[in-house]
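A, B, ... follow the sequence lines: proteins, then strands. Residue 1 opens every chain.
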Amino acid sequence: MKYDFFKIEKKWQKYWLENKTFKADNNSVKPKYYVLDMFPYPSGSGLHVGHPLGYIASDIVSRFKRSKGFNVLHPMGFDSFGLPAEQYAVKTGQHPKKTTEENVARFKDQLDKLGLSFDWDREIKTSDIGYYRWTQWIFLKLFNSYYDHRLKKAQPIEKLKIPKNLNEKEIESFIDSRRLAYVDTIDVNWCEELGTVLANEEVVGGLSERGGFPVIKRPMKQWVMRITDYADRLLDDLSELDWPEPIKLSQKNWIGKSVGAEIKFYIDNNFIEVFTTRPDTIFGATYLVLAPEHPLINQITTDEYRKSISEYVEQASKKSDLERQENEKNKTGVFTGSFALNPISNEKIPVWISDYVLFSYGTGAIMAVPAHDERDNEFAKKFDLKIIKVIDGGNKDECYTGNGSLINCGKYNGIDNIKFKSIVIEELESKNKGTKTTNYKLRDWIFTRQRYWGEPIPIIYDGNKKKALEFGDLPLELPEVESYLPTNDGLSPLARNNDWVNISINGKNYLRETNTMPQWAGSCWYFLRFIDPDNNNEFANKDLIKYWMPVDLYIGGAEHAVLHLLYARFWHKVLFDLDYVSTTEPFKKLVNQGMILGNSAFAHRIKNTNDFISFDMIKDEKTQKIHVDVSFVDEKNRLNIERLKQKNPEFNDVNFIKGESFYVSRDIEKMSKSRYNVISPDDICKRYGADTLRMYEMFLGPIEQSKPWNTAGISGVFSFLNKFWNLFHRNEEFYVSDDQPSDEVLKIYHKTVKKVANDIDKFSFNTCISSLMICVNELKSQNCKSKKILEPLLILISPFAPHLSEELWELMGNKKSISAEPFPEHDERYLVESSYDYPISFNGKRRFNKKFNLDLNEKEIEKEILLDDQTKKYLTDNSIKKIIIIKKKIINIVF
RNA sequence: GCCUUGGUGGCGGAAUUGGUAGACGCGCUGGAUUCAAAAUCCAGUUCUUUCGGGAGUGUGGGUUCGAUUCCCACCCAAGGUACCA
């Protein structure tokens with residue numbers, strides 16, 4: 001019988017679906033294991049071979065954990081609200097819901113062909129009304145909560161203590177100022193030509209990414225999430241997470257906590273408050289700088305300088321953030337004419353304004369210490385301001401940012417600068433001229449989008465007064481609109497539906513909030529809904545949450561290192577504080593899969609001509625590289641010109657200069673449609689089968705690493721699976737024997753069991769497959785057909801090649817699915833060997849050179865092996881210590 | 001600039017974390033089978049060599065009986081970040 005992967009895979013995919021083989025049990029005595037993939041946005045272009053990398057890895061872990069006796073939850077869903085479907089709707093008028101549904105169907109179809117062991121009964125889509133109802137519910141929870149800084153947790157808004165003597169309006173604005181979801185007027189990117197608000201990523205150099213139209217900052221009312229209240233907890237709790245260090249680090253940097261002081265510098269009766277992390281350098285503060293947006297500028301500018309200041313302020317307001325950044329090397333600024341009093345040294349120092357100081361960070365003003373800060377140093381040198389060195393160290397004229405003892409600090413000279421930090425803060429606090437403070441880079445999260453295809457915000461307005469919808473009013477369904485474009489006033493498309501916007505409750509008229517939530521909202525809590533997806537009374541049952549959470553393994557791309565993972569952690573902590581979930585963190589272990597890169601092909605066109613020249617013939621010609629579809633190029637980089645012309649008619653009148661063949665050059669790039677280098681998993685499945693694809697993707701290299709796709713190598717894995725299949729056959733017939741396996745075979749078998757179990761735990765799937773290959777080659781050369789070996793070997797390989805193993809499992813006469821089988825145990829005996837040249841004694845009696853066999857377990861070996869006296873004679877004490885360390889590591893398992 | 005990760009054959013990548021570098025796979029070479037091809041199987045494959053060896057894990061040092069692995073300096077590549085005081 002030939003290995004007919006097509007028939008086998010179809011059969012078992014159908015079987016798993018019909019029998020719900022991978023249904024996760026909500027009532028189980030087994031230990032639980034929750035494996036989660038970052039759910040995809042169902043884009044129109046379908047999957048390429050890079051997408052399934054993470055899904056295959058998580059599937060292997062799921063299947064492995066099942067065979068290790070865990071109750072595994074491995075769900076999948078779709079992050080189905082989002083921009084592309086909406087843009088497509090704007091272009092074609094087609095409802096995003098329809099596009100989304102089509103794309104989801106296509107994604108599911110493609111995923112199913114890979115034999116992934118999802119529990120599809122738990123599928124969710126963030127755009128389903130039964131789902132976003134609860135997203136809205138969580139929004140209301142945030143709206144109706146505040147952060148209690150004393151208890152360090154969120155509390156229901158009813159518990160908020162309201163100061164006395166406030167009138168009704170003041171009470172309301174006080175409550176609003178504490179809500180975790182609140183409205184604020186914020187500068188957004190507004191593009192007049194496109195009539196829409198753009199995200200920061202959509203603005204390039206002050207122009208819109210699409211069209212290249214000017215973009216201006218414009219204040220608009222936005223919903224904002226008070227994530228900054230959670231900054232400390234989001235930072236501190238990182239330490240308990242088993243996440244890749246770079247991801248933790250980028251979250252840490254994003255939160256950007258810095259401890260320092262706010263210091264008042266008086267100008268007559270006015271004062272300017274600055275933030276600094278280096279209060280110890282206050283004696284070196286020779287001038288102040290305010291951001292151009294600083295509100296005090298008008299008051300402190302003297303008449304003499306008023307003109308130049310207002311010119312500078314106006315210029316700065318026109319600059320985009322990007323333009324400001326470009327000036328990093330060439331700082332600009334203007335003197336205000338005022339002088340401020342240094343509260344410690346009592347020196348009068350000039351006050352400048354400059355756009356190198358950001359209004360949005362700290363107090364929007366700094367004390368400049370040019371001797372010990374690079375930026376201040378640059379500015380001072382350019383405008384010829386005083387530079388006073390107050391910490392000893394570094395070269396004479398260089399800016400020194402390190403530590404040392406104080407100089408030029410009057411009575412404090414000689415003190416260590418780190419000690420001086422607390423001294424100076426104490427002194428400032430006693431004079432009421434400064435306090436110790438902490439600042440964060442993290443900003444509150446702008447939560448609204450002027451879009452159609454997102455969750456409507458369940459808030460209504462009575463004039464400016466906000467009213468939250470009640471639980472019974474949910475879900476607030478997304479209304480139909482005539483056009484998916486934002487209105488000319490920059491309002492969301494929802495504002496186009498007047499019948500929906502104007503509502504009347506008990507005879508009173510209200511207006512609805514027309515903005516929608518950002519795409520992040522749905523992905524902030526989807527892992528909770530998977531636990532109890534059909535619950536109509538709660539977002540998920542509390543006992544079930546307690547059983548399943550936290551997510552034990554979360555696999556996804558590193559592009560979500562900051563935003564998604566930070567937002568999800570934030571919501572989870574709020575839900576924890578309000579007692580809806582049982583863990584402070586949602587994701588215990590995180591693994592980032594690398595990207596699979598495409599191997600692009602380029603034809604070379606001679607510049608300014610329509611002549612294409614074969615890559616091997618290029619000598620001095622200047623050429624341009626043009627992408628050509630990789631499916632028209634063979635392994636030897638020869639281009640099939642006829643097929644290219646058929647598919648891309650623009651090549652019809654091209655003159656191809658070539659020898660026997662036309663050669664292209666190759667380069668590794670990201671996989672994308674526009675680079676014509678996309679390899680679809682469907683094609684690979686058709687030619688080699690899903691099992692081969694799964695194994696090959698894992699065999700390519702470490703899961704975290706980005707690596708180029710190369711279809712040529714897949715034949716190795718394919719022939720391995722064929723060999724494996726043939727192990728179970730003789731003369732084209734299925735055959736296994738009842739023979740006792742030989743010692744040789746047992747040795748390699750036990751070694752493989754141990755290695756596979758270890759390597760899956762370490763996510764080292766490529767080495768796992770290598771050892772399986774070695775094992776199969778060995779069994780083949782030993783001609784081993786023993787059922788005693790082949791049966792457990794099937795269980796070993798089943799996470800990698802599930803269809804093939806199910807088929808062989810059935811041929812062996814088993815009735816149940818192989819996925820229910822326990823993972824085999826392995827025997828351990830040890831061969832101890834040392835590559836070190838000195839003899840080692842065992843039990844104080846026998847001496848060995850280099851190698852000896854022992855029938856011991858690991859612990860016994862550590863205890864029993866000692867160096868004998870004769871050996872010690874040759875060695876120093878230091879070397880003996882080292883040998884004792886070595887002896888632990890020379891243990892080799894063989895059986 | 002800063003941070004992070006990495007640099008090993010023609011290629012993807014191993015090396016039990018300090019102990020025979022190059023496992024496993026691709027490719028390539030030779031052979032068997034075949035009328036032939038595909039497929040399959042066997043052998044070889046880091047470089048160099050006067051066939052004794054010699055060199056070799058980005059470069060240069062260091063620690064060690066022993067370094068791909070640890071330490072120092074530098075070079076290169078990829079990703080992230082950007083005047084955060």
A:Phe765 CZ to B:A14 C1', in whole Å, measures 17 Å
Between B:C42 and B:U8 - P atom distance, rounded Å: 31 Å
Look through every strand shown and name the nucleotide pairing with B:C74 as Watson-Crick or G-U wobble, where both distances are under 3.5 Å. B:G58
Could you check how far NZ of A:Lys2 sits from C1' of B:A39, rounded to whole Å? 10 Å
To the side chain of A:Thr767, which of B:A15, B:U40, B:A85 is closest? B:A15
Return the nearest nucleotide to the side chain of A:Pro246; candidates are B:G12, B:U4, B:C83. B:U4
Please state whether the phosphate of B:U5, meaning OP1 or OP2, lies under 4.0 angstrom from any side-chain nitrogen or oxygen of A:Gln705. no
Parallel, tilted or perpendicular: which fits the ring planes of A:Phe765 and A:Phe800, with parallel below 30° and perpendicular above 60°? perpendicular
Looking at the side chain of A:Leu700, which of B:G12, B:A23, B:A85 is the nearest nucleotide? B:G12
Taking pairing as Watson-Crick or G-U wobble with both contacts under 3.5 Å, can you name the mate of B:G27, or confirm there isn't one? B:U45
Now, which nucleotide makes the Watson-Crick or G-U wobble pair with B:A85, with each of the two distances under 3.5 Å? none
With rounding to the closest Å, how many angstrom separate the P atoms on B:G30 and B:A38? 13 Å
Interatomic distance where CZ belongs to A:Phe718 and P belongs to B:G27 [whole Å]: 14 Å
B:C24, OP1 or OP2 - any side-chain N/O from A:Ser771 closer than 4.0 Å? no
Between A:Gly364 and A:Ser706, the residue closer to the 5' end of RNA chain B by nearest nucleotide is A:Ser706
Rounding to the closest angstrom, what is the interatomic distance between B:C51 and B:U57 at atom C1'? 26 Å
Students often get this wrong, so: under 4.0 angstrom with heavy atoms, is A:Ser360 touching a base, only sugar-phosphate, or nothing? nothing
Taking atom P in both B:G25 and B:U46, compute the distance separating them and give it to the nearest angstrom. 15 Å
On a whole-Å scale, what distance lies between the P atoms belonging to B:G9 and B:G56? 14 Å
Mind telling me whether B:G9 is syn or anti, cutoff 90° either side of 0? syn
Picking from B:C83, B:A23, B:A85, which would you name as closest to the side chain of A:Lys331? B:C83
Could you check which nucleotide pairs with B:A67 in any of the strands shown, counting Watson-Crick or G-U wobble with both distances under 3.5 Å? none
Does A:Asn758 make a side-chain N or O approach to OP1 or OP2 of B:U16 shorter than 4.0 Å? no
Where the side chain of A:Lys707 is concerned, which of B:A23, B:C26, B:G13 is the nearest nucleotide? B:G13
Between A:Phe724 and A:Phe720, how do the two ring planes meet: parallel, tilted or perpendicular, split at 30° and 60°? tilted
Protein-nucleotide distance (A:Phe265, atom CZ; B:A85, atom P), rounded to Å: 16 Å
Charged N to carboxylate O under 4.0 angstrom, A:Asp4 versus A:Lys2? no
If pairing requires Watson-Crick or G-U wobble contacts with both distances under 3.5 Å, which nucleotide is the partner of B:U40? B:A32
Just say parallel, tilted or perpendicular for the rings of A:Trp725 and A:Tyr3, cut-offs at 30° and 60°. tilted
Specify the separation, in whole Å, of atom CD of A:Gln593 and atom P of B:U5. 19 Å
Have a look at B:G52 and give me syn or anti from its glycosidic angle (syn if within 90° of zero). syn
What integer distance in Å separates A:Tyr361:OH from B:A85:P? 4 Å
Nearest-nucleotide check on RNA chain B, A:Arg443 vs A:Ser781; residue mapping nearer the 5' end is A:Ser781
Whether over 12 other heavy atoms sit under 6.0 Å from A:Lys436 NZ: no
Inter-nucleotide P distance (B:G31, B:G18), Å rounded: 46 Å
For A:Asn766 and B:G12, what is the distance between atoms CG and P respectively, to the nearest whole Å? 14 Å
Where the side chain of A:Pro702 is defined as all heavy atoms beyond and including C-beta, which of B:A85, B:G13, B:U4 is the nearest nucleotide? B:G13
Relative to each other, are the rings of A:Phe383 and A:Trp352 parallel, tilted or perpendicular (30° and 60° limits)? tilted
Below 4.0 Å: OP1/OP2 of B:A85 and any side-chain N or O of A:Tyr356: no
For the residue pair A:Tyr567 and A:Trp445, categorise the inter-ring angle as parallel (less than 30°), tilted (30 to 60°) or perpendicular (more than 60°). parallel
Nucleotide nearest A:Pro708 (side chain, heavy atoms from C-beta), chosen from B:G12, B:C24, B:C3: B:G12
Counter-base of B:U17, judged by Watson-Crick or G-U geometry with both distances under 3.5 Å: none
Worked check of side chain to side chain contact (heavy atoms under 4.5 Å, CB included) between A:Leu804 and A:Phe5: CA-CA 7 Å; A:Leu804 171 90; A:Phe5 57 84; over 6 Å; no
Report the distance from atom CZ of A:Phe699 to atom P of B:C24, rounded to the nearest whole Å. 10 Å
Pairwise P distance, B:C11 and B:G80 [rounded to whole Å]: 26 Å
A:Lys723 near the nucleic acid: base, sugar-phosphate alone, or nothing, with a heavy-atom cut-off under 4.0 Å? sugar-phosphate
Anti or syn - B:U17, cut at 90° from 0: syn
Reckon A:Asn777 has a side-chain N or O less than 4.0 Å from the OP1 or OP2 of B:G25? yes
On a whole-Å scale, what distance lies between the P atoms belonging to B:G54 and B:G6? 34 Å
Touch check for A:Lys780, heavy atoms < 4.0 angstrom, all strands: base, sugar-phosphate only, or nothing? sugar-phosphate
Under 4.0 angstrom between A:Lys754 side-chain N/O and B:U16 OP1 or OP2: no
Report the distance from atom OG1 of A:Thr281 to atom NZ of A:Lys421, rounding to the nearest 0.5 Å. 9.0 Å
